[in-house]
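Computed from a predicted structure; not experimentally measured.
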Amino acid sequence: AALTPFAATRRIGHPYQNRTPPKRKKPRTSFSRVQICELEKRFHRQKYLASAERATLAKALKMTDAQVKTWFQNRRTKWRRQTAEEREAERQQANRLMLHLQQEAFQKSLSQPLPQDPLCMHNSSLYALQNLQPWAEDNKVTSVSGVASVV
């Protein structure tokens with residue numbers, strides 16, 4: 001029997017069976033309080049380190065360059081998330097304050113009489129419109145012979 005160029009070779013067993021076993025994850029590195037304190041102090045002053053600064057800091061803290069680099073990357077991620085949450089909380093607080101001020105202004109406008117516009121006093125249609133308060137339930141507008149009045 002002739003083999004065609006597209007004939008596939010048959011595998012025996014599961015496709016993943018012949019792979020090399022996965023590498024074990026490295027255990028989480030624990031840093032001392034002194035190391036974390038120094039890293040945090042440096043991060044507070046400087047969010048990014050040049051490679052020479054990173055090497056010097058790593059040597060001073062008895063850490064590897066890669067550990068300092070990874071710690072700073074993770075700390076920047078945490079910092080961005082925290083500042084985003086703080087900005088969102090401030091935005092929500094500003095929105096609540098704005099709504100409160102709008103409600104106060106609206107309530108104040110209801111309790112104060114409207115100033116009379118001289119133009120409206122001489123035109124009955126404009127006078128009726130000026131005194132119309134659609135949000136007030138007890139105000140009913142009636143029109144008698146083209147002159148509107150508020151009852």
Side-chain angles (χ1 to χ4, degrees), residues 3-121 123 125-141 148 150-151:
L3 291 175
T4 62
F6 297 110
T9 58
R10 268 187 85 113
R11 288 189 181 168
I12 299 170
H14 194 272
Y16 297 134
Q17 199 171 18
N18 297 329
R19 284 191 174 176
T20 58
K23 292 182 179 179
R24 295 280 167 220
K25 264 179 81 171
K26 209 173 118 180
R28 182 183 170 104
T29 306
S30 296
F31 300 120
S32 70
R33 288 184 181 189
V34 172
Q35 287 172 322
I36 293 172
C37 184
E38 289 301 317
L39 289 165
E40 286 288 349
K41 278 197 278 187
R42 186 62 178 264
F43 182 81
H44 185 70
R45 282 181 299 180
Q46 195 175 358
K47 304 293 184 256
Y48 292 86
L49 296 178
S51 58
E53 294 170 322
R54 190 172 59 232
T56 304
L57 183 60
K59 188 175 180 182
L61 297 177
K62 296 183 175 72
M63 297 169 66
T64 66
D65 192 66
Q67 286 175 322
V68 173
K69 182 179 181 179
T70 303
W71 188 91
F72 265 78
Q73 287 173 340
N74 292 339
R75 188 61 182 85
R76 282 192 297 268
T77 302
K78 180 181 177 181
W79 171 68
R80 285 186 200 105
R81 187 187 67 243
Q82 287 172 333
T83 54
E85 288 170 358
E86 288 167 7
R87 281 194 307 271
E88 177 61 21
E90 289 170 359
R91 189 186 65 76
Q92 288 179 1
Q93 186 177 4
N95 284 345
R96 283 193 296 273
L97 178 62
M98 187 61 93
L99 281 173
H100 178 73
L101 292 173
Q102 286 173 344
Q103 287 173 344
E104 274 186 0
F106 180 69
Q107 292 299 325
K108 198 173 185 180
S109 72
L110 289 178
S111 64
Q112 292 178 348
L114 292 174
Q116 296 296 323
D117 187 337
L119 179 63
C120 292
M121 293 177 75
N123 183 317
S125 298
L126 292 176
Y127 182 78
L129 285 173
Q130 182 188 21
N131 292 318
L132 179 64
Q133 294 181 352
W135 55 86
E137 293 178 13
D138 56 346
N139 288 345
K140 295 179 185 171
V141 178
V150 178
V151 179

> Are R87 and E90 close enough, and set up right, to give a salt bridge (Lys or Arg N to Asp or Glu O under 4.0 Å), and what steps lead you there?
Replying inline: CA-CA 5 Å; R87 281 194 307 271; E90 289 170 359; over 6 Å; no
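- For the pair K47 (side chain) and F43 (backbone), a donor-acceptor distance under 3.5 Å is present.
- Atom CG of L97 sits about 10.0 Å away from atom CD of Q102, to the nearest 0.5 Å.
- Not counting sequence neighbours, the partners of Q92 by the side-chain hydrogen bond (donor to acceptor under 3.5 Å, both in side chains) test are E88.
- Environment of CZ in R33: sparse, with no more than 12 heavy atoms of neighbouring residues, nucleotides or ligands closer than 6.0 Å.
- Taking the side chain as every heavy atom from C-beta outward, L57 and F72 approach each other to under 4.5 Å.
- With a 4.5 Å cut-off on side-chain heavy atoms, M63 and L39 count as touching.
- Of the residues Q82, R80, R76, the one that meets the side chain to side chain contact (heavy atoms under 4.5 Å, CB included) test with K78 is Q82.
- For the pair W79/R75, a side-chain contact is recorded, criterion being any heavy-atom separation below 4.5 Å from C-beta on.
- E85 CD to T83 OG1: the interatomic distance, rounded to the nearest 0.5 Å, is 9.0 Å.
- Inter-residue side-chain proximity for Q67 and F31 is flagged as met; some heavy-atom pair is nearer than 4.5 Å.
- Within 6.0 Å of CD on Q93 lie no more than 12 heavy atoms contributed by other residues, nucleotides or ligands.
- A donor-acceptor contact closer than 3.5 angstrom is absent between the side chains of H44 and E40.
- One finds the CD atom of Q46 at 4.5 Å from the CD atom of E53 (value rounded to the nearest 0.5 Å).
- Put simply, CD on E104 and NZ on K108 are 8.5 Å apart, with the number rounded to the nearest 0.5 Å.
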